[in-house]
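Every number for a ligand or one of its atoms is a count from 1 in the order of the listing.
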Amino acid sequence: MAAPPTVAVFGASGNQGGSVAKALLKDGTFKVRAITRKPRKREAKELKRLGAEIVKADLDNEKSLFDALKNVYGVFLVTNYWEYMDIDREVQQGKRVADISNHLGVKHIVFSGLENVRKLTNGKLDVPHFDGKGQIEEYFRELGAPMTSVRMPDYFENFLDVFRPVKSDKGYYVLDIPMGGVPMDGMSVKDLGGVVLAILKSPENFIGKDIGLSTDKLTIEEYADVMSRHTGKTIRDSKISIKDFEELKFPGAQELAKMFQFYMSQPDRNKDLTLMLNPEAQSFEEWMSRNKNAFMNV
Ligand code: NAP
């Protein structure tokens with residue numbers, strides 16, 4: 001019997017790649033080559049224990065990528081804009097993987113892409129962490145590479161981190177997310193793996209497609225209501241304006257304000273298709289019921 005085809009998973013020590021690597025390992029159709037710059041990391045050791053091959057490579061280093069992508073059937077690629085907040089560097093990383101995959105004849109690449117907002121809005125909005133991924137998508141298409149783009153919505157996990165509820169001076173908690181009452185798509189990043197697995201198993205249906213993902217689309221007030229119910233804390237939409245959000249003092253606030261303006265235009269995120277690809281993907285209600293304890297420390 002032929003050995004299972006190998007899929008190289010970038011970002012395997014992180015949120016997206018970690019979810020993909022674990023879903024593929026659990027399923028067994030593909031062998032997993034987990035790519036990391038630091039094979040001694042705890043997350044890499046855990047993936048090795050689960051059966052992955054751990055390979056050291058760096059998206060900034062062409063030679064290491066050539067070695068890492070030899071003899072693979074497929075690739076899951078995620079680039080991390082936030083590590084350097086440098087769009088040119090992110091685009092170069094993506095193009096490097098596209099060129100090398102093309103040269104080596106990789107059969108299917110699933111790329112964690114997003115829209116080129118700058119292009120879509122004729123320069124009115126620029127959201128570098130989206131725009132760079134949009135440019136990488138375009139480059140794969142220009143090469144004619146067998147690529148599927150999966151466009152993640154806001155992770156539910158952001159509610160435990162960058163968009164966590166903050167205590168207001170009125171004693172209750174608020175979500176400072178400037179959506180102006182427009183519903184926002186979301187999904188647990190832990191459910192990406194099942195989606196990517198289904199796409200890799202059915203290349204004929206998904207190569208050449210850009211797939212917007214979502215498992216729930218709620219207003220900020222609705223997200224806050226679900227959180228309140230599960231935590232017993234009073235959490236509300238602060239109804240912060242885009243302008244006030246831009247002035248919040250954390251790196252990337254201005255860029256994220258523009259992202260929310262783009263989200264308000266309701267980019268295409270397909271809940272039915274996401275749930276068809278991963279029937280176990282959680283709604284926000286389900287995710288909250290499993291994660292409410294994590295909110296105790298927020
Ligand atoms: P993460 O958990 O911070 O993990 C980042 C991963 O990238 C790590 O595994 C790291 O691997 C790898 N990496 C970074 N630089 C690398 C390099 N030069 N060479 C090889 N690997 C490298 O990040 P994530 O959440 O999975 O993904 C971040 C991306 O998701 C961002 O670009 C963001 O724009 C996008 N995104 C986020 C959201 C959201 O709601 N948060 C939504 C849509 C899209 P090692 O350190 O092990 O080498």
Side-chain angles (χ1 to χ4, degrees), residues 8-22 33-48 52 54-65 67-69 75-87 89-97 100 110-117 127-137 149-164 177 184-193 195-196 210-216 223 251-252 255-256 258-260 262-263 267 269 274 284 287:
V9 178
F10 285 91
S13 67
N15 295 315
Q16 293 198 24
S19 168
V20 172
K22 283 180 194 141
R33 183 173 294 171
I35 312 284
T36 172
R37 291 165 297 178
K38 300 164 200 149
R40 292 156 74 114
K41 260 186 175 175
R42 183 179 53 78
E43 292 86 352
K45 287 185 181 156
E46 172 64 6
L47 289 173
K48 187 170 181 183
I54 310 298
V55 169
K56 181 174 173 176
D58 187 327
L59 285 164
D60 291 321
N61 179 324
E62 188 171 58
K63 163 84 174 66
S64 74
L65 293 177
D67 293 343
L69 297 183
V75 169
F76 171 74
L77 173 64
V78 57
T79 49
N80 187 11
Y81 170 81
W82 296 107
E83 184 153 333
Y84 304 104
M85 293 176 75
D86 177 343
I87 178 171
R89 188 165 179 166
E90 182 177 29
V91 171
Q92 286 315 315
Q93 291 179 341
K95 287 186 171 179
R96 209 169 276 130
V97 174
I100 294 170
V110 180
F111 170 54
S112 181
L114 285 171
E115 291 85 350
N116 184 342
V117 176
V127 188
H129 72 286
F130 276 56
D131 300 344
K133 293 179 182 71
Q135 289 180 38
I136 298 168
E137 285 182 353
S149 178
V150 283
R151 294 172 170 169
M152 280 296 285
D154 194 60
Y155 306 169
F156 292 153
E157 286 76 5
N158 291 340
F159 289 124
L160 292 166
D161 184 13
V162 59
F163 304 137
R164 65 187 168 278
I177 301 181
M184 180 178 83
D185 286 288
M187 171 174 172
S188 168
V189 68
K190 296 215 160 59
D191 291 328
L192 174 65
V195 169
V196 172
D210 302 326
I211 303 175
L213 302 177
S214 171
T215 62
D216 235 330
Y223 280 114
E255 174 166 350
L256 290 174
K258 290 188 190 155
M259 176 188 79
F260 287 118
F262 176 64
Y263 278 167
R269 300 285 181 266
T274 306
F284 187 60
W287 182 84

What residue and atom, counting heavy atoms only, is the protein's closest point to [atom], and at what distance?
atom: atom 12 (C) of ligand 1; answer: G11 CA, 3.9 Å
atom: atom 8 (C) of ligand 1; answer: S13 OG, 3.5 Å
atom: atom 29 (C) of ligand 1; answer: T79 O, 3.5 Å
atom: atom 25 (O) of ligand 1; answer: Y155 OH, 2.7 Å
atom: atom 3 (O) of ligand 1; answer: N80 ND2, 3.7 Å
atom: atom 19 (N) of ligand 1; answer: L59 N, 2.8 Å

Can you tell which of [options] gets a heavy atom nearest to [atom]?
atom: atom 33 (C) of ligand 1; options: Y81, F10, W82; value: W82
atom: atom 26 (O) of ligand 1; options: K41, K133, K38, Q16; value: Q16
atom: atom 14 (C) of ligand 1; options: R151, M152, M259, R37; value: R37

Is [X] in polar range of ligand 1, meaning some N or O pair under 3.5 Å apart?
X: N15; result: yes
X: L114; result: no
X: G14; result: yes
X: D58; result: yes

Aromatic ring pairing F284/Y223, orientation class (parallel under 30°, perpendicular over 60°, tilted between):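 Judged by the thresholds at 30° and 60°, the geometry between F284 and Y223 is perpendicular.
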
Geometric class of the F130/Y263 ring pair [parallel <30°, tilted 30-60°, perpendicular >60°]: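 Aromatic pair Y263/F130 classed perpendicular.
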
Should you measure from each heavy atom of [X], which atoms of ligand 1 turn up under 4.0 Å away?
X: D154; result: 40 (O)
X: H129; result: 34 (O)
X: Q93; result: 18 (N)
X: T36; result: 45 (P), 47 (O), 48 (O)
X: E83; result: 14 (C), 15 (N)

Interatomic spacing from CG in L69 to CD1 in I100 - rounded to 0.5 Å: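 The CG atom of L69 sits 6.5 Å away from the CD1 atom of I100.
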
Distance (rounded to the nearest 0.5 Å) between L213 CG and D191 CG: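 Spacing of CG (L213) from CG (D191) equals 10.5 Å.
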
Structural part of I35 in contact with ligand 1, heavy atom criterion under 4.0 angstrom: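 None of I35 does.
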
side-chain contact (heavy atoms from CB on, under 4.5 Å) evaluation trace for M184 with I177: CA-CA 10 Å; M184 180 178 83; I177 301 181; 4.3 Å; yes

Lys/Arg N to Asp/Glu carboxylate O, E43 vs R37, below 4.0 Å: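 Looking at R37 together with E43, the answer is no, because their closest N to O distance does not fall below 4.0 Å.
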
Beyond-backbone contact of Y81 with E255, side-chain heavy atoms, under 4.5 angstrom: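 SC-SC contact between Y81 and E255 confirmed.
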
K41 NZ: over 12 foreign heavy atoms closer than 6.0 Å: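 Atom NZ in K41 is crowded, with more than 12 foreign heavy atoms closer than 6.0 Å.
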
Test item, P153 contacting ligand 1 (heavy atom, 4.0 angstrom):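 Yes, that is the case, since the closest heavy atom of the residue is under 4.0 Å from the ligand.
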
Passing option when Q93 is tested against N80, D60, D58 for side-chain hydrogen bond (donor to acceptor under 3.5 Å, both in side chains):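 With Q93 as partner, side-chain hydrogen bond (donor to acceptor under 3.5 Å, both in side chains) holds for just one option, D60.
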
Closest contact, heavy atoms only, L47 versus A21: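 Between these two residues, the closest heavy atoms are CD2-CB, 3.9 Å.
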
Closest contact, heavy atoms only, P267 versus E115: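 Looking at all heavy atoms of both residues, the closest pair is CB-OE2, 3.7 Å.
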
Pair S112-Q16, side-chain donor/acceptor within less than 3.5 Å: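 Side-chain D/A pair, S112 to Q16: present.
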
